[in-house]
Asker: 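One structure, pasted below without further comment.
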Amino acid sequence: TAGLFMSKLAEISGASKVFKGGIVSYWNEVKEKLVGVDKSIIDSFGVVSAQCAEAMAINVANKFKTNVAVSFTGNAGPDTLEGKEAGLIYSTIKINDEMYTFEDKLSGSRNEIRNEIVEITAQRLTNFLRNIYNSRL
């Protein structure tokens with residue numbers, strides 16, 4: 001999402017109480033060196049993959065020492081990437097020791113795809129957190 005998800009989080013008043021930060025990693029080199037995605041994952045599955053999204057979420061949660069992490073990797077288009085069509089997005093929501101990984105096939109312009117996956121993922125995250133909170137009451 002090129003940081004769009006983080007930007008949307010930061011629009012919420014009080015976000016700084018729970019949002020530590022994030023990493024925007026477009027290049028494979030950044031995914032490997034800064035996020036810590038193992039090169040073998042990229043070589044075997046590509047950056048547009050569930051495996052890459054999961055590694056990103058795990059490593060970011062570890063780096064930021066957080067209970068919740070969200071990652072996105074995909075192809076917003078307009079061209080194919082790694083033989084994968086535009087609109088294919090993988091996202092992972094990691095909450096404590098649980099991980100939820102999604103494959104979404106969206107259509108539209110680059111920015112429409114980015115906006116849609118941010119909205120979808122924000123709703124998913126909200127639902128997961130609401131369920132955890134309600135189960136503890």
Side-chain angles (χ1 to χ4, degrees):
T1 67
L4 184 60
F5 188 78
M6 292 183 289
S7 177
K8 291 293 186 182
L9 281 177
E11 289 177 4
I12 301 168
S13 179
S16 63
K17 293 177 184 169
V18 296
F19 177 50
K20 287 186 175 182
I23 300 171
V24 176
S25 59
Y26 252 47
W27 286 16
N28 293 6
E29 178 183 8
V30 176
K31 284 178 177 55
E32 290 174 33
K33 293 187 177 171
L34 189 59
V35 181
V37 176
D38 195 285
K39 186 175 182 345
S40 66
I41 290 174
I42 294 172
D43 291 345
S44 298
F45 304 102
V47 292
V48 181
S49 67
Q51 295 84 353
C52 186
E54 290 170 357
M56 291 168 64
I58 290 167
N59 293 339
V60 166
N62 290 338
K63 286 181 184 296
F64 284 86
K65 297 182 179 11
T66 61
N67 295 328
V68 177
V70 177
S71 68
F72 300 89
T73 187
N75 180 12
D79 300 319
T80 60
L81 176 66
E82 302 175 339
K84 297 164 186 166
E85 293 188 25
L88 178 61
I89 311 292
Y90 291 93
S91 58
T92 296
I93 297 172
K94 182 182 181 316
I95 303 174
N96 298 318
D97 294 328
E98 300 291 324
M99 274 201 312
Y100 310 92
T101 300
F102 304 91
E103 176 184 287
D104 292 287
K105 295 178 183 172
L106 308 176
S107 61
S109 69
R110 286 181 55 77
N111 286 331
E112 288 169 340
I113 290 169
R114 290 173 57 235
N115 281 295
E116 186 173 1
I117 195 61
V118 164
E119 291 301 320
I120 290 168
T121 304
Q123 189 60 55
R124 287 172 176 157
L125 178 60
T126 299
N127 291 340
F128 284 129
L129 294 175
R130 190 174 286 137
N131 288 338
I132 289 169
Y133 175 78
N134 288 335
S135 71
R136 292 183 180 169
L137 292 179

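Keep in mind it's a predicted model, so treat the numbers as computed, not measured.
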Asker: CG/L125 to CZ/F5 distance, rounded to the nearest 0.5 angstrom?
Answerer: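 Here the rounded value is 5.5 Å.
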
Asker: How long is the span from the CG atom in L88 to the NZ atom in K105, to the nearest 0.5 Å?
Answerer: 6.5 Å

Asker: Given the rule in the side chain to side chain contact (heavy atoms under 4.5 Å, CB included) test, do V68 and L129 qualify, once you have shown the distances and angles that lead to the verdict?
Answerer: CA-CA 9 Å; V68 177; L129 294 175; 4.2 Å; yes

Asker: Starting from I113, can I reach M6 by hopping between I/L/V/M/F/W/Y residues whose side chains sit under 4.5 Å apart?
Answerer: yes

Asker: Using 0.5 Å steps for rounding, measure from the CE atom of M56 to the CG atom of L34.
Answerer: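 Here the rounded value is 10.5 Å.
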
Asker: Between CZ of F72 and SG of C52, what distance do you get to the nearest 0.5 Å?
Answerer: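 With rounding to 0.5 Å, CZ (F72) is 13.5 Å from SG (C52).
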
Asker: Okay, side chain of K94, backbone of I58: is any donor-acceptor separation there less than 3.5 Å?
Answerer: no

Asker: Return the minimal non-hydrogen interatomic distance between L81 and N75, and the atom names on each side.
Answerer: N-ND2, 3.3 Å

Asker: Establish, from distance only, whether the side-chain atoms of N115 and E119 form a donor-acceptor pair under 3.5 Å.
Answerer: no

Asker: Can you measure from OH (Y90) to CD (Q51) and round to the nearest 0.5 angstrom?
Answerer: 8.0 Å

Asker: Please find the pair of heavy atoms, one from E116 and one from S107, that lie closest to each other, and give the distance.
Answerer: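 Shortest heavy-atom contact: OE1-O, 4.2 Å.
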
Asker: State plainly whether one hydrophobic cluster holds both V24 and F19, where clusters connect Ile, Leu, Val, Met, Phe, Trp and Tyr through side-chain heavy atoms under 4.5 angstrom apart.
Answerer: yes

Asker: Name the orientation class of the two ring planes belonging to F128 and F102 (parallel below 30°, tilted from 30 to 60°, perpendicular beyond 60°).
Answerer: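 Rings of F128 and F102: tilted, as their planes differ by 30° to 60°.
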
Asker: Looking at every non-hydrogen atom in both residues, tell me the closest pair between S49 and T73 and how far apart they are.
Answerer: O-CG2, 3.6 Å

Asker: For the NZ atom of K8 and the OG1 atom of T121, what is their distance to the nearest 0.5 Å?
Answerer: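 So the gap between those two atoms works out to 13.5 Å.
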
Asker: For the side chain of T92 and the backbone of S71, is there at least one donor-acceptor N/O pair under 3.5 Å apart?
Answerer: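 Such a contact is absent between T92 side chain and S71 backbone.
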
Asker: With a 6.0 Å cut-off (strictly less than), is the heavy-atom count around NZ of K84, excluding the residue itself, greater than 12?
Answerer: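 Enclosed.
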
Asker: Between the side chain of D104 and the main-chain N/O of L106, is any donor-acceptor distance below 3.5 Å?
Answerer: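 Not confirmed, D104 side chain does not pair with L106 backbone.
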
Asker: May I ask you to decide if V47's main-chain N or O and K31's side chain share a donor-acceptor pair within less than 3.5 Å?
Answerer: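 Not at all, since once roles are kept as given, no pair shorter than 3.5 Å links the two residues.
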
Asker: Identify whether I120 and M99 are in the same connected component of the hydrophobic contact network (ILVMFWY, side-chain heavy atoms under 4.5 Å).
Answerer: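 Looking at the clustering, M99 is in a separate group from I120.
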
Asker: Are V60 and V30 in one and the same hydrophobic cluster, where Ile, Leu, Val, Met, Phe, Trp and Tyr link if side-chain heavy atoms are under 4.5 Å apart?
Answerer: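 As far as the 4.5 Å side-chain criterion goes, V30 and V60 are connected within one cluster.
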
Asker: For a quick test of reading the model, state the closest non-hydrogen atom pair linking I23 to K63 and the distance between them.
Answerer: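 Reported closest heavy-atom pair: CD1-CD, 4.4 Å.
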
Asker: Can you check whether K65's main-chain N or O pairs, donor with acceptor, with K20's side chain at less than 3.5 Å?
Answerer: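 Indeed, once roles are kept as given, a pair shorter than 3.5 Å links the two residues.
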
Asker: Determine whether a donor-acceptor pair (N or O, by modelled atom type, separation under 3.5 Å) exists between the side chain of S7 and the backbone of G3.
Answerer: no

Asker: Can a donor-acceptor pair be found between the side chains of N111 and S109 at a distance below 3.5 Å?
Answerer: no

Asker: Which heavy atom in F64 sits nearest to a heavy atom in G21, and how many Å separate them?
Answerer: CE2-C, 3.8 Å

Asker: Ignoring hydrogens, what is the shortest heavy-atom contact between A57 and A69? Give both atom names and the distance.
Answerer: O-CB, 3.4 Å

Asker: Same hydrophobic cluster for L4 and I93, using side-chain heavy-atom links shorter than 4.5 Å among ILVMFWY?
Answerer: yes

Asker: Counting only heavy atoms from other residues, nucleotides and ligands, does the tally under 6.0 Å from CD of E103 exceed 12?
Answerer: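 Yes.
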
